[in-house]
Peer 1: 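If you scroll down you'll find the structure; I have some questions about it.
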Amino acid sequence: MSNRRNDSFLLVAGVLGAFGAGLAAGRSIARASASGTTDTGLPRASLLDTLAFGMEVFAPLVAQGVIIRRSPVVAAAERLDLDGRAVRRMQKLRDKYGRGPLMLPLPIRKQAVVLAPEHVRRVLDESPAPFTAASTEKRAALSHFEPKGVLVSEGAERAERRRFNEAVLDTANPAHRLAGSFLPIVEEEAARMLTGAERPGAVQGELDWNTYSDRWYRLIRRVVLGNGARDDHEIQELVVRLRGAANWAGFHPRMRAKRERFLARIQMYLDRAEPGSLAGFMAQIPRKADTEPRQQVPQWLFAFDAAVMASFRALALLASHPDQLQRAHEEIAAHPRRDALPFLRATVLEALRLWPTTPMVLRQSTAATFWENGTMPPGTGVLIHAPFFHRDDRRLPYADRFTPELWLQEQGEQDWPLIPFSDGPVTCPGRNLVLMLTSAMLASLLDGRSLRLASGQLLDPARLPGTLDNYALRFALGK
Ligand code: HEM
């Protein structure tokens, strides 16, 4: 553990060092144009503001782990309120520079930060062209395990892989057409979580992160690859190792042998095509030469992590809001079928709004783009900081409160942009599947049971924390 902690602190120092060095090298460039606007009219951040952005917004997110979270850094982020500070820094940048997009004077890269809600909408609506999701840093990270995944694909290949993902994940359908196979798996794994029977040392009736996530990973392998993969710990270890490397993007050597072993194992399950799993369903979906089915699967295995985190945090929200917990119990009693639980879905969405699991939505412009106040050159990285738009207390009266109603009614312009699953043509195609499984999991755990936060103080409903360390949460569930 202490090695992991040292690693984490080294990483923070490294990220800050790299950002600082880049800035130092770029000093001369910035001096040449210190007027606060670029040659093409967009506002340009001062060196000090760029450094503050690097230290308070960018570095904490990279240090917490973009592809796989580093738990000790998440704990430190909660203690130091790093995500809250990041939002306040973004507010200061908006106060000073207006609507943006704000260009950062980095020597190594053209980089913009989005400051206005309508610009978020534009960038997401105009993806993947001229704002490609396959940005340089995303390609560097994801090529460790899925170089042909849809998220890092372009042009006709992207269109085909997107079609394939949407078909297998049944994107448009609130209840996946394999709900009849998936929901009993949720029920079974929830029951095992509750007994904790197979984990030595686990306390009966108490649910900690290790028990919760172990059972979820088993559930995910069953849903994605089939029951035969339930205890395939090797594939789990491979995905964790490869994602660990991906956190370092291009700075970590490629582990080609591991990647091949991982993809070959996925292929084995796809060949087996177990009925009732996504692997089985996939076998019925037409494909073309460049679909690359097995390279779409790693994203499904790893993106479920966010669902595990969000649903555990959703439990913390319910435990801290007795009226809402009562409402959850009423919904569960009234809906014995677990494929339509709007309030519990809204609770998971709120956990994702309050603590977004994709805090940085990244794009890169493929052509010059024209804005009210200037032109952004092609090849510019565009960063949308989701927590700023989700938790901006100057704009949103509910910024720091649990507000499930937001997701139960039609969202208004004033709520835009709440983008836990992104939006536009690159929006997450797994959204409905995730919401179905997580809400069913919450229902199975809470059905007829009381819920208490056993790991510490309740959350303050008037001011929810900027970071919530999911790894430290523990719940008592009783009859
Ligand atoms: C709570 C859980 C999840 C959250 C919050 C989430 C969020 C996101 C976000 C924000 C993006 C867009 C990234 C970008 O714009 O750059 C995305 C993309 C994607 N997600 Fe999810 N995701 C989740 C779970 C899943 C699951 C379980 C699957 C599959 C089973 C999945 C499949 C995908 C795929 C394939 C893409 C790429 C879409 C494309 O490039 O067109 N996600 N997700």
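One is the number of the first residue; the rest follow in order along the sequence. Bear in mind that the values here come from a model prediction, so they are computed numbers and not experimental data. Start at 1 and go down the list; that is how both ligands and their atoms are numbered. Atoms considered below: every heavy atom in the structure, side chains included; atoms not considered: hydrogens, waters and symmetry mates.
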Peer 1: Are side-chain heavy atoms of Lys138 and Met360 found at a separation under 4.5 Å?
Peer 2: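 Side chain of Lys138 against side chain of Met360, heavy atoms only: no contact under 4.5 Å found.
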
Peer 1: Examine Thr357 against ligand 1 and note whether any of their N/O atoms are separated by less than 3.5 Å.
Peer 2: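 It does not: no N or O of Thr357 is found under 3.5 Å from an N or O of ligand 1.
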
Peer 1: What is the minimum heavy-atom distance between Ile419 and His390, and which atoms define it?
Peer 2: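 Smallest heavy-atom distance, with atoms named: N-NE2, 2.9 Å.
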
Peer 1: Quick one: does Gln296 get within less than 4.0 Å of ligand 1, heavy atoms only?
Peer 2: no

Peer 1: Could you tell me if Arg122 sits above the aromatic ring of Trp371, with its cationic atom closer than 6.0 Å to the ring centre and no more than 45 degrees from the axis?
Peer 2: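 Pair Arg122/Trp371 counts as cation-pi.
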
Peer 1: Using heavy atoms and a 4.0 Å limit, tell me yes or no: is Ala310 in contact with ligand 1?
Peer 2: no

Peer 1: Please step through side chain to side chain donor-acceptor pair (under 3.5 Å) for the pair Gln236 and Asp232, ending with a clear verdict.
Peer 2: CA-CA 7 Å; Gln236 185 68 22; Asp232 188 344; over 6 Å; no

Peer 1: Polar contacts were defined as any N/O atom of the residue lying under 3.5 Å from an N/O atom of the ligand; does this apply to Trp300 and ligand 1?
Peer 2: no

Peer 1: Starting from atom 35 (C) of ligand 1, which protein heavy atom do you reach first, and at what distance in Å?
Peer 2: Asn165 OD1, 3.3 Å

Peer 1: How far is atom 13 (C) of ligand 1 from its nearest protein heavy atom, and which residue and atom name does that atom have?
Peer 2: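 The closest one turns out to be Leu151 CD1, 4.2 Å.
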
Peer 1: Could you go through the salt bridge (charged side-chain N to carboxylate O under 4.0 Å, His left out) check for Glu154 and Arg139 one step at a time?
Peer 2: CA-CA 11 Å; Glu154 297 198 77; Arg139 278 205 308 270; 3.7 Å; yes

Peer 1: Could you tell me which atoms of ligand 1, counted from 1 in the order shown, lie closer than 4.0 angstrom to a heavy atom of Leu169?
Peer 2: 29 (C), 30 (C)

Peer 1: For the ring pair Tyr217 and Phe304, is the centre-to-centre distance below 6.0 Å?
Peer 2: no

Peer 1: Treating Arg221 as the side-chain partner and Arg230 as the backbone partner, does any N or O pair qualify as donor plus acceptor under 3.5 Å?
Peer 2: yes

Peer 1: Would Met309 count as a contact residue for ligand 1, given that I'm defining contact as a non-hydrogen atom of the residue lying under 4.0 Å from a ligand atom?
Peer 2: no

Peer 1: Could you point out which residue of Arg394, Arg99, Arg89 forms a side-chain contact (heavy atoms from CB on, under 4.5 Å) with Arg94?
Peer 2: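 Of the listed options, the one satisfying the test is Arg394.
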
Peer 1: Can you list the residues that meet the side-chain hydrogen bond (donor to acceptor under 3.5 Å, both in side chains) rule with Gln364, with sequence neighbours excluded?
Peer 2: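 For Gln364 the side-chain hydrogen bond (donor to acceptor under 3.5 Å, both in side chains) partners, ignoring immediate neighbours, are Thr136.
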
Peer 1: Over 60° means perpendicular and under 30° means parallel, so tell me whether Trp209 and Tyr212 are parallel, tilted or perpendicular.
Peer 2: tilted

Peer 1: Give me the nearest non-hydrogen protein atom to atom 16 (O) of ligand 1 as residue plus atom name, then the distance to 0.1 Å.
Peer 2: Lys138 NZ, 2.7 Å

Peer 1: Indicate, as side chain, backbone, both or neither, the part of Thr438 found under 4.0 angstrom from ligand 1 when only non-hydrogen atoms are considered.
Peer 2: neither

Peer 1: What do we get for Pro420 next to ligand 1 when only non-hydrogen atoms under 4.0 Å count, side chain, backbone, both or neither?
Peer 2: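 Backbone only.
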
Peer 1: Under 4.0 angstrom from ligand 1, any heavy atom of Ala133?
Peer 2: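 Contact check Ala133 vs ligand 1: negative.
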
Peer 1: Pairs of nitrogen or oxygen atoms closer than 3.5 Å, one from Arg158 and one from ligand 1: do any exist?
Peer 2: yes

Peer 1: Identify, for atom 38 (C) of ligand 1, the protein heavy atom at the shortest distance, and state residue, atom and that distance.
Peer 2: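 The answer is Arg162 NH1, 3.3 Å.
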
Peer 1: Using the six-membered ring wherever Trp is involved, compare the ring planes of Phe53 and Phe58 and label them parallel, tilted or perpendicular (cut-offs 30° and 60°).
Peer 2: parallel

Peer 1: I'd like to know if the side chain of Asp208 and the backbone of Thr211 have a donor-acceptor N/O pair within less than 3.5 Å.
Peer 2: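 Judged by distance alone, yes, a pair lies under 3.5 Å.
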
Peer 1: Ignoring angles and geometry beyond distance, decide whether Arg363 reaches within less than 3.5 Å of ligand 1 through its nitrogen or oxygen atoms.
Peer 2: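 There is such a contact, yes.
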
Peer 1: Near atom 21 (Fe) of ligand 1, which protein N/O/S atoms are found at less than 2.8 Å?
Peer 2: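 Under 2.8 Å from atom 21 (Fe) of ligand 1 - ignoring waters, which are not counted - the protein N, O or S atoms are Cys428 SG.
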
Peer 1: Should you measure from each heavy atom of Val361, which atoms of ligand 1 turn up under 4.0 Å away?
Peer 2: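 Atoms satisfying the 4.0 Å criterion: 15 (O).
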
Peer 1: Taking CZ in Arg85 as the centre, count heavy atoms belonging to other residues, nucleotides or ligands within less than 6.0 Å. Is the count above 12?
Peer 2: no

Peer 1: Pick one: which of Glu260, Glu237, Glu234 meets salt bridge (charged side-chain N to carboxylate O under 4.0 Å, His left out) with Arg265?
Peer 2: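 It is Glu234; the other options fail the test.
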
